[in-house]
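All remarks here apply to the structure that follows.
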Amino acid sequence: MINHREIEKKWQAAWEAAKVYEMEPDERKPLLVTAAFPYVNTPLHIGHLRTYCTADLYARYMRMNGMNVLFPFALHASGTPVLAMSKRIRSKDKEIIENLKNFNVPDEEIARMEDPLYIIKFFSNRIEEGMKAAGVGVDWRRKFVSTDPIFSKMVEWQFGKLKELGYLEKGVHPVGWCTNDNGAVGQHDTLHDAHPTIDTITVINFKDQDSDATFPCATYRPETIYAVTNVFINQNHRYVIAEISGKRFYVSKDAAEALSLQLDVKVISEVQPSELLSKKAINPVTKEVVPVLPGFFVKPDFGTGVVMSVPSHAPFDYAALERLSASGYPMPKMEYRKIIGLDKKDAQAKSATAKPEDQEQAGIDVPSLAYLKVLDIDANADEDLLEEATKLIYREESRWGVMLVGEHKGMEESKARELIKKELQERGDAFSIYILSNPEPIYCRCGYRVVVKVVDQWFINYGNANWKESVRSYLPSILVYPKKLRAALESASEWIDLRATERAQGLGTKFPFDKSHIIESLSDSTIYPTLYTYIHILYSNGVKPEQLLPQFFDFVLLGLSDAESVSKATGIDTLVLKKCRESAQYWYQNTSRHSGADLIYNHYIMYIYNHVAIFPKDFWPKKIIVNAMVNYEGEKMSKSLGNTVPFNEAIERFGADHLRFIEVTGSELDTNTEFSQSALSSIISKNQFLLDAVLKLESMESAELAHIDYWLYSRLNSKIRAAKEALDELLLRVAYTEIYYNSISELKWYAERGGANLLAVREFLDKVALMLAPAMPHFAEELWHAMGNTTLVVKEQWPQFNEKDISQDAEEAEKIIKATIDDISKAVSITSNISSNKGKKEKLVKIIIADEWKTPAYNLLAEKKSISEVINAQGICDDKEKLSGFASQFSKRLMALEPIIPVSAAYLTNAFNQAKDWIAGKVDARVEVEAESQSKSARASRALPNRPSIDVVWS
RNA sequence: GCAGGGGUGGCAGAGCUUGGCCAAAUGCGACGGGCUUAGGACCCGUUCCCUUUAGAGGGUGCGAGAGUUCAAAUCUCUCCCCCUGCACCA
């Protein structure tokens, strides 16, 4: 049995001694491979390992291809989690302490974690140990943490640049807000982790006919303004007159309170609902004067507490009016005007639940009534059902609706909605407010209802047109893997707009323009890969953080000014400055960035934007590589499921190479990998097979090459070519299926076929070991040395394939031989049932190889799909009778014929002759190989190209 | 709702760009056989249904429906469903 830990430690020590991962600029082409740094509040689990080992595989592969590849590593600690964790430890939170104990954190360490800095120290060390145990080839001299002072200096410089460029803006932003805590509320701060979703909603001003006050009607569908019959308020709640930005409005008391967090609201006085009900309001578009009526469903804490009534298209409005009318409320005359129709001609409309033609047939001209009927309810239905009808009509009219009236007659409703909203707002007849659109109210953990507050904020304006355009035009130059991710990246980079960039709490870099706040923890982690290129030079020369003035970064990263003057300003030695600059320029010209799929929509977009904003073009991102997750025994791993496997522990149990290999090459980048015990034992036994194969070399000798040896050489060289093609496209699974799984089955097949040529097997194993090195570095090293090599395999070059060793004849012939075995056994079983053969035991199998001319004849048939054309073709076969006999057998499946790979009949015959004894053993018969033209067998003419005819002769 | 990605055999997962070697690679599982003291190791075969005494034929089939085509898992349209993101969360 292989002792994987022993092997791993042995080679890790050898690599460290040889400093194989400590890279400095040289004459080779550079590549800087970086992976998104991990957060330091927990140990890493085997899910993280996939990203880091994918990056490691890529780094090792490119290194073997002659590049100077640097793979550094750092850690992320900014933001609130570490702070929150130390707080929980201070308050002796049982859950967190239990968690830490599960990660084998000793009690005394847990106690020290009351200090957040200790958490960072502890886990960053754990993570480094884990990465080393996994054999990830990192240049550890360059390690840093995002809370280090040097890091902060860089981020301050970055934000100075963004400000200079005009990309930093002060503005307002709606957030979920708790009036009790007086703070912003995210998903983690709410009861049951409900996510507060903030929507904007349009408020249309209906002026009071008799005063200067206004009824602000909140609506999702401003385009229905053409069908408004009245205004609704809820007479059972309190209303006030409030001054909003200097104008007077009637709003519910609750709404006035909520809106005061968004707008400048001053409550003037309370007003009785009955008074409001006596008023008339003016539709700002149609100028119609409409009454104010009591609406049972109007929620005083939603929007403004005032809504406009559109009975023809809103089931609630319809129901309220019908009920009022039925209750004997004095109703003015009103018309339920249908202003939106479903396009009948459009095939889409057929899918609507309330079909236009059905409505017509039933003589219903009120869509909301039609939708009530669809649900088999009427105006007196439960609110739940009315809600359902509302959703249905909203959805279907938004999708297929067309405006029937107004300026935008004939336009799709969804387009008209935006247009009308914009027009109303421009005329001052409407404004927008923010609301929480969750169906249920959201509560803060403290118990208070969450509301929307508009807060003052610094933003990075990713919506800046010039900036966006630069990104848009550069994006196609970035290589993205997996390729289908490009679409997501493009749409996300179009969509990103204002991004709030400072927070009141957390660890990290102080926001330079408001030192009481810190920089938001994704915004501080966009250009940090540059730091890897020179930070070890700062460390080794004792440069102090306070020496890192903006001039330093201007010089090192942008090439501004000169070393002498920067040295004067900062006190840093000119040689050190020059070295930093050279290092940055060398490494950053070619980068590859790796991460899990979760970072596409945030980190990658900000990463690209910030590089484009700050650096000259040669520093812009070159390559982005994203991997999916890891499942453990069929289940998604997540903290909430509690089934994460810490990787220090996993390496101990499963072996670093085994884990790496399964995670990284077990599936392509875009699919989740399955880590399971069965996959593990399969790898273990296959590795054992390879090591055993090396041992067996001792009993082999070199000999003249036979067909099966040519076959092995050919397979090896095609394999090298195929693997390189796949790896260059990051098709890791394709590549390693070829390198590993296929190689093993080929070696087995080779042995099965009696192959035992020392030269051939040696070369095969040597090159397989080389190609395994990026994926299973420790095992590859072991294999490499077992073969008698004395160099380190991880420093070797990727093998070259030999075009002339790739033999179509050999590979095809072997496939044919394999398939022929099947044909023979079928033929034997069928012929043994023929009555004249009953009782006979001895058999002679004749393998009849088709004449050479049949191959071009067949391929011409496949190409032309015409029998006559082939028969009349010159130079294929002079015996037209034979040719037509051959061609006409394909008449039925002519269309399905595809060209075959030609194998010379001579080679095939020779290969079969060499395989004859082996075949005889397999099928328990005497075997003869003969050419079709020489054969006297009645079945001879049935030989097909690449498919010999089989004649079983019983005696 | 918006944006992006998907839906393939018992399962996982290729194929879809460039329609036809596709009843659909590969792996796992299951079944039968071999090798073995034994086996979770290895080797061979079978694994949608029907017919077939020579390498075959027919049917059904790739979320649902419609269309284009001599021909559709693959192209077009519609619908349904799933995953991810939607920003104070790293």
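Values reported hereafter were calculated over all heavy atoms of this structure, with side chains retained and with hydrogens, waters and symmetry mates removed. A, B, ... follow the sequence lines: proteins, then strands. Residue 1 opens every chain.
Spacing of P atoms, B:G19 relative to B:A41, comes out at 43 Å, to the nearest Å.
The partner of B:A56 is B:U51, by the rule that a Watson-Crick or G-U pair needs both atom distances under 3.5 Å. B:C77 is paired with B:G65 under the criterion used here, namely a Watson-Crick or G-U wobble arrangement in which both key atom distances are under 3.5 Å.
Among the nucleotides B:G55, B:G4, B:A90, the one closest to the side chain of A:Arg939 is B:G55. Distance from the side chain of A:Arg733 is smallest for B:G13 among the nucleotides B:G4, B:G55, B:G13.
Between A:Val952 and A:Ala597, the residue whose closest nucleotide on RNA chain B is further toward the 5' end is A:Val952.
The number of heavy-atom neighbours closer than 6.0 Å to NZ of A:Lys468, taken from other residues, nucleotides and ligands shown, is above 12.
For the residue pair A:Asp524/A:Ser78, the side-chain donor-acceptor check at 3.5 Å is satisfied.
Taking 3.5 Å as the limit, the base of B:G27 and the side chain of A:Thr737 contain no donor-acceptor pair of atoms between them.
Applying the 4.0 Å criterion to OP1 and OP2 of B:A90, one finds that A:Ser521 has a side-chain N or O inside that range.
Distance CG (A:Leu680) to P (B:A41): 13 Å, rounded to an integer number of Å. Between A:Glu812 atom CD and B:C21 atom C1' there is a gap of 13 Å when expressed in whole angstrom units.
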